[in-house]
Protein chains: 2
Amino acid sequence: VSREPAAGRASSELDQVLALTPDGAGRYSAELGEGWTIGHAVNGGVLLAVLGEAFRRTLAAAGHPDPLAISAYYLSAGAPGAAGLSVETIREGRTMTTGQASLSQTGRDGHPVERVRALATYGSLDSLVDDVRTSAEPPEIPPLGECVSAMPPPDPAGDLPFLHRFDMRLDPATVGWASGSPSHRGVIQGWLRLVDGREPDPLMLLLAVDALPPVTFDLGLPGWAPTLELTAHVRARPAPGWLRVRVSTRNLAGGLLEEDAEVWDSRDRLVAQSRQLARAPMPQRGT
Amino acid sequence: VSREPAAGRASSELDQVLALTPDGAGRYSAELGEGWTIGHAVNGGVLLAVLGEAFRRTLAAAGHPDPLAISAYYLSAGAPGAAGLSVETIREGRTMTTGQASLSQTGRDGHPVERVRALATYGSLDSLVDDVRTSAEPPEIPPLGECVSAMPPPDPAGDLPFLHRFDMRLDPATVGWASGSPSHRGVIQGWLRLVDGREPDPLMLLLAVDALPPVTFDLGLPGWAPTLELTAHVRARPAPGWLRVRVSTRNLAGGLLEEDAEVWDSRDRLVAQSRQLARAPMPQRGT
């Protein structure tokens, strides 16, 4: 018995969380699996990808299936379980359509709690002109075999299930923090792919921009750095294979920091850029 | 007869365009003066500052008067004249409040046309912690006297009235494009202040991030580079005096580019960072 292509695709872990159920015009239901949590919260990149899929379903009818720019304002921490999404088309243009979306869950008191509000402009990556004048160079990352796997040992009781969704190989020069010697340069970079081999696409890039450890680790600040706002630009459809991701920060001040991410594909194309404003972890004693 | 401070403040050109008229709960009217146009469109930074003021009026009641992050999606070109704004509070938190806003005008057919949809998180810059660990360095810009004034000669029929709102002195190394020799490095930087001496504040920073010539000029691409999306982070209240602004791009591809701006105040503090996704001008013959 041959499987439908859609069913085969949905067998990847990412496609399972992106398998939204239509729930009326511009409304969808999602199931945020426990596997996408870190600590007790669902990773912000997963929420962004789920929102990205809801936008895609709504805006593709206008011929604009791909995220070009998406801005997410994080309102409260996402929990594993059911989520509801709603998408509104704001303006449909010839080459781009802009929309607004919201992701909510039912809170402990039974009332809906909004997790993320987002704006996005979608277009068609395949119909962009071929002109490439980028001056950006891919980050210099040692070969895979010389990098450090970020996957923690299997531990059913562990609180980092998110990390098991990836094969992540970090540049040894940017993992000093793991052994108590952060570089203080404000950079973490490495190779990234989904552990089940699912190839990158524009929605996977939305996940990739927030998948690495917080760049604050490299500043000697362990702990959580919750995202307040994240804007991602998807600049090209990624080629199959490993991605290279570099996160960096230059301005930790006033208890906040920006974290910039860039994502390169296997053909050396800068396929996504993002910036987020995050709350810095409180400094620990001795750092 | 002594004037009220509010009236005195409103005598500056920027405060005139920011003098919104309340129009019901969360609704305001603005008058976008001809002086803020470039070509036939109102500059996007002015629209961002006007939206920023509407957010401020609505969110200040929660004790959060300052923009920390604001994302604007530009839907259609703003025209001089009346505009209507509406602001909705999405989530009010202890240290920050997030809202959504829209700026519309009446189109030629008499129907409302939305110009910009925005999300923003506001807080209190004065209550942020003092910790500053930035590794960013101010751009190296020659002294004022060695820089090039960007103000065009007075010309009532000119189409660049926006430039007359500023005293802008550009680094000679980044104005080769004005004499046909763009550097192709993708950088323009210089000193900036409002021509009437109005000191910078957080809303003026929203104007400053989109006030310099498009960075595409330095890539040898004259012409307009319309903003699709712009996100600005205001990181500190600026000190009085000249600002230094640097705009740069690394990735012009597929007919789009990112333009990053950083704004430094007279005390060498990185007070604002922004990134926009813009449509690249079509290449001219011979470039």
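Every chain is numbered from 1, with letters handed out A, B, ... down the list of sequences. None of the values given here were measured: they were computed from a predicted structure.
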* To do: Measure the shortest side-chain to side-chain distance between A:His233 and B:Gln276 over non-hydrogen atoms and say whether it is less than 4.5 angstrom.
  => no
* Structure fact -> One option among A:Ala118, A:Ala69, A:Ser127, A:Gly186 has the most heavy-atom pairs under 4.5 Å with chain B, and it is A:Ala69
* To do: Determine whether A:Arg275 and B:Asp260 make a side-chain contact, defined as any pair of heavy atoms from C-beta on separated by less than 4.5 Å.
  => yes
* Donor-acceptor pair, side chain of B:Tyr73 and main chain of A:Ser71, under 3.5 angstrom -> yes
* Asked: Should the pair A:Arg117-B:Glu88 be classified as a salt bridge under the 4.0 Å nitrogen-to-oxygen rule?
  -> yes
* Structure fact -> Heaviest contributor of heavy-atom pairs below 4.5 Å to chain A, chosen from B:Leu228, B:Val132, B:Leu252, is B:Leu252
* Structure fact -> In short, A:Ala253 meets B:Arg269 closest at the heavy-atom pair CB-NH2, 3.7 Å
* Structure fact -> Interface check, chain A: of B:Leu68, B:Leu125, B:Thr121, B:Ile90, most non-hydrogen pairs under 4.5 Å belong to B:Ile90
* Which one, A:Gln273, A:Arg91, A:Glu114, leads in non-hydrogen pairs under 4.5 Å with chain B? -> A:Gln273
* To do: Examine whether an atom of B:Ala120 lies under 4.5 Å from a heavy atom of chain A, and if so say whether it belongs to the side chain, the backbone or both; otherwise answer neither.
  => backbone
* Reported NE2-to-OG distance for the pair B:His184 and A:Ser135, which is rounded to 0.5 angstrom -> 12.0 Å
* Measure distances from A:Thr95 to the heavy atoms of chain B and classify the residue's part below 4.5 Å as side chain, backbone, both or neither. => side chain
* Asked: Side-chain contact, heavy-atom cut-off 4.5 Å: B:Leu75 with A:Thr98?
  -> yes
* Keeping the roles fixed (side chain from A:Arg133, backbone from B:Arg250), state whether a donor-acceptor pair exists under 3.5 Å. => no
* Structure fact -> When the 4.5 angstrom heavy-atom criterion is applied to A:Glu262 and chain B, the contacting part is side chain
* To do: With a 4.5 Å cut-off on heavy-atom pairs, point out which of A:Arg185, A:Gln100, A:Met96 contacts chain B the most.
  => A:Gln100
* Structure fact -> Honestly, the part of A:Ser102 sitting under 4.5 Å from a heavy atom of chain B is neither
* **Minimum side-chain heavy-atom gap A:Leu277-B:Arg235 below 4.5 Å** => yes
